[in-house]
> 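Here's a structure for you.
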Amino acid sequence: MLKIECLNVEIDNKEILKGINLEVNKGEIHAIMGPNGSGKSTLTQTIAGREEYSIRSGSILYKGMDLSKMAPEIRAREGIFAAFQYPIEIPGVNNTYFLRTALNAVRKHKGLEDVEAFDFLKLVKKEMKEIGMSEDMLRRSVNEGFSGGEKKRNEILQLSILQPDLAILDETDSGLDIDALKIVSEGVNRFHGPEKSIILITHYQRLLDYIKPDFVHVLSNGRIIKSGGSELALELEERGYDWLNGLSEAEGECK
Amino acid sequence: MNRFVPADNLIAPLGGGTLRKWKNGGKWAENLRKNGKSEFIKTGIPSTRIEEWKYTDLTPLTKMDFSFNPDKTDPIDNALIEKLLPPKLSECSLVFVNGKFSEHFSFVHPTKGLFIDNVRNVIKSGRDDVFECIGKAGTKPDALTNLNRAYFNDGAVIRIGKDIDPGFPVHLIFLAVNAKSSEMFHPGNLIIAEEGSKFSLIEEYTGDPDSVYFTNTITEIHIKDRASVSHYKIQTENHSSFHVGSLNVIQGKDTKFFSNTATFGGALTRNNISASMNGPGSESNIEGLYFLKGAQHTDNHTEIFHNFPSCKSTENFNGVLDGESRAVFDGKIFVGEGSVQTDSTQSSRSLLLSGSASVDSKPALEIYADDVKCSHSASVGQLDTDSLYYLRSRGIGHNEAMKILTSGFLKEILEKFENKDVSGKIENLLNSEIKV
Ligand SMILES: Nc1ncnc2c1ncn2[C@@H]1O[C@H](COP(=O)(O)OP(=O)(O)O)[C@@H](O)[C@H]1O
Ligand SMILES: [Mg+2]
């Protein structure tokens, strides 16, 4: 599904990702953990196609396609979805209209007809109910005046409506209380399946109590310094990140 | 250049005299016209050396031969008017074709406590009392007001009785048709909302694409104690027309006023909005949006007077500019001596879609009282790149995303328009104007 090799990314001439290797196969769940500022959001946004992040070297292949030349909207239509750590507020743009326009853009790309307004509303209302969002949010502008938790739910709503193939959730768990965390996790688990891959970016083991990853990676200072199974997350929870400091050059096969 | 420029051409259609028609109603109308004319002749029109007109040049008006013939003998084909007339936004509507009331296209249904008529009819029927308060709202009349008064001949006259809420808005439509040889129109509307009443007025100005015309209109609204008035103005004049519109509002105590302006048309547009809160506990909410392209010029000129304590005002203008268009925002907030506990916010924001479009913004706060909360902000910029990226990251194409954000910028204002028929109409206008 996704194959990242020796990825170097910089912003404003500052190198932030320094040789990332990561392979995510169909149906897998990968967790990426790491201290603040290590480059987790940069990785997310580079995959999603944010233009400010420029790829200096290395490659990202998605379903065999070179992402570096693809506009963000094409990536999205091809099935990449990044839930933002800080979802953007867009005053004046109705949330329902936004969701429906996005869904229809994705459907059109797949050669499908536009979804009927009525069917769409039925679908959204069902999904909103599942993740405990008030229908009131359909009438509001995109994320405008939403609480932190509401914004995160709105991201998960988009995930369940758009049904991408690769979902990257950038700290979707932070700022959620335990009940909200459960509901959001259930939403992610409903989404997951043999054809759907997930990259979970998180600080906390607690999310991994609800969504069980196949692999855990530690990102530090722009590099993945350790990878392992789900037990690695528990170890991180116990010991923090400091014990890994010595490893910073461990997997430095990229020049 | 001098501070004023002679504009005898604008007064020439009156010949040596004044409009003497429909004078059964006594001398007051005649005096109003006479006074307007002589005052206008004294000054002419303001040049850009006058501070209030710094960014808006009216001198092209002095170079045109405008005619004024509200009683043209060649009647305009009803079928043509029918075709051009915008859809009615109320069960009660007054239509003015080339400045003149059209009985045929208007529909007024009798409602208890609601007086609705046209100026000529009111003058003819000798109801001078209705006009007693005319000219009392707004600041000192300027040259354009004087010009309007010199031609005072038609418009709507509406009085909403004490504690009356008609439950429907009144829609005034001003349509310019077949005005091929430069015509001018000077409507004067007078609205009196008596104590405790509630009223909603929609003014719509539009014209066929081939006409060349100058609309110089005044709407005066008296809002008595505890009354609430919502005003909407939809302006889609053709792109070779001039439009100067003044909205003069005077408010008593515990009143509410909502002004909602949408400007799409006009080669040159000037919207003057003046609200004086002359009683405590009142509020004025002034919302405006505009979409300009080509060489269009729009100047929103507002004055809000906090003359009494505990009044509140909000003002928000958002505009989108394409082509070489130009916008001016000049917003004055005045807080008089002793007007404590004033709460006032003002914001003016513009979105430039083209590098050749420009905006001049001139907010002015004049505060002579303590214990006052006033804030204002102004911005001119491009579309927000984070928002654009967010939409694209969900599969929405670049151009579509630009379009959504552009109309979203204006919908921020539109959302505040309470009348959904009006906002629906404006939303349609936006969707057809904002192309990618
Ligand atoms: N737009 C930006 N401009 C400059 N530096 C940035 C920008 N975005 C992120 N950075 C820097 O890149 C590094 C990684 O940030 P980020 O990817 O947000 O880390 P994380 O998500 O792991 O907390 C940080 O040092 C941050 O300051
Ligand atoms: Mg981050």
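Only a predicted model underlies this, so the values are computations on that prediction, with no experimental measurement involved. Values reported hereafter were calculated over all heavy atoms of this structure, with side chains retained and with hydrogens, waters and symmetry mates removed.
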> How far apart are the C-alpha atoms of A:Val142 and B:Leu391, what are their side-chain angles, what is the distance that settles it, and do they pass the side chain to side chain contact (heavy atoms under 4.5 Å, CB included) test?
CA-CA 10 Å; A:Val142 179; B:Leu391 295 183; 5.6 Å; no

> Using a 6.0 Å cut-off, check whether atom CZ of A:Arg56 has over 12 heavy atoms from anything other than its own residue.
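Incorrect, the count does not exceed 12.
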
> Do other residues, nucleotides or ligands put more than 12 heavy atoms under 6.0 Å from the NZ atom of A:Lys69?
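No, the 6.0 Å shell around NZ holds no more than 12 heavy atoms from other groups.
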
> Taking the side chain as C-beta and beyond, is there a heavy-atom pair between B:Glu412 and A:Glu144 under 4.5 Å?
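B:Glu412 does not reach A:Glu144 side chain to side chain.
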
> If you count heavy-atom pairs under 4.5 Å with chain B, which of A:Pro91, A:Ser141, A:Ala105 comes out on top?
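Maximum pair count with chain B is reached by A:Pro91.
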
> Could you check if a side-chain atom of A:Glu52 sits within less than 4.5 angstrom of a side-chain atom of B:Tyr389, using non-hydrogen atoms only?
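Side-chain contact under 4.5 Å: no.
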
> Would A:Glu155 and B:Arg394 pass as an ion pair if we require N to O under 4.0 Å?
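Looking at B:Arg394 together with A:Glu155, the answer is yes, because their closest N to O distance falls below 4.0 Å.
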
> Looking only at heavy atoms and a cut-off of under 4.5 Å, which of A:Leu162, A:Val106, A:Thr101 has the most pairs with chain B?
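When all of A:Leu162, A:Val106, A:Thr101 are compared, A:Thr101 has the most.
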
> Does B:Lys362 have more than 12 heavy atoms from other residues, nucleotides or ligands lying within 6.0 Å of its NZ?
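Enclosed: over 12 neighbouring heavy atoms sit under 6.0 Å from NZ of B:Lys362.
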
> How long is the straight-line distance from CD1 of A:Ile88 back to OG1 of B:Thr385, given to the nearest 0.5 Å?
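With rounding to 0.5 Å, OG1 (B:Thr385) is 9.0 Å from CD1 (A:Ile88).
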
> Which bit of A:Arg75 comes within less than 4.5 Å of chain B, counting heavy atoms only: side chain, backbone, both or neither?
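Neither; nothing under 4.5 Å.
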
> Is it true that, when you exclude A:Glu15 itself, more than 12 heavy atoms of the residues, nucleotides or ligands shown sit nearer than 6.0 Å to its CD?
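Count over threshold, so yes.
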
> Is the number of heavy atoms from other residues, nucleotides or ligands within 6.0 Å of NZ (A:Lys63) greater than 12?
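Correct, the count exceeds 12.
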
> What I'd like to find out is whether the side chain of B:Ile404 reaches to under 4.5 Å of the side chain of A:Tyr97, using heavy atoms alone.
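They are in side-chain contact.
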
> If you round to the nearest 0.5 Å, how far is CG of B:Asp386 from CZ of A:Phe84?
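It is 8.5 Å, given to the nearest 0.5 Å.
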
> Counting heavy atoms not belonging to B:Lys256, are there more than 12 under 6.0 Å from its NZ?
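No, NZ of B:Lys256 has 12 or fewer neighbouring heavy atoms, counting only those of other groups under 6.0 Å.
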
> If we ignore hydrogens and angles and just use 3.5 Å, is the side chain of A:Arg77 paired with the main-chain N or O of B:Gly395 as donor and acceptor?
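Checked: pair present.
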
> Report which part of A:Glu89 has an atom under 4.5 Å of a heavy atom belonging to chain B: side chain, backbone, both, or neither.
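Backbone of A:Glu89 only, per the 4.5 Å heavy-atom cut-off to chain B.
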
> To the nearest 0.5 Å, tell me how far B:Ser407 OG sits from A:Asn94 CG.
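Output value for this atom pair is 10.5 Å.
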
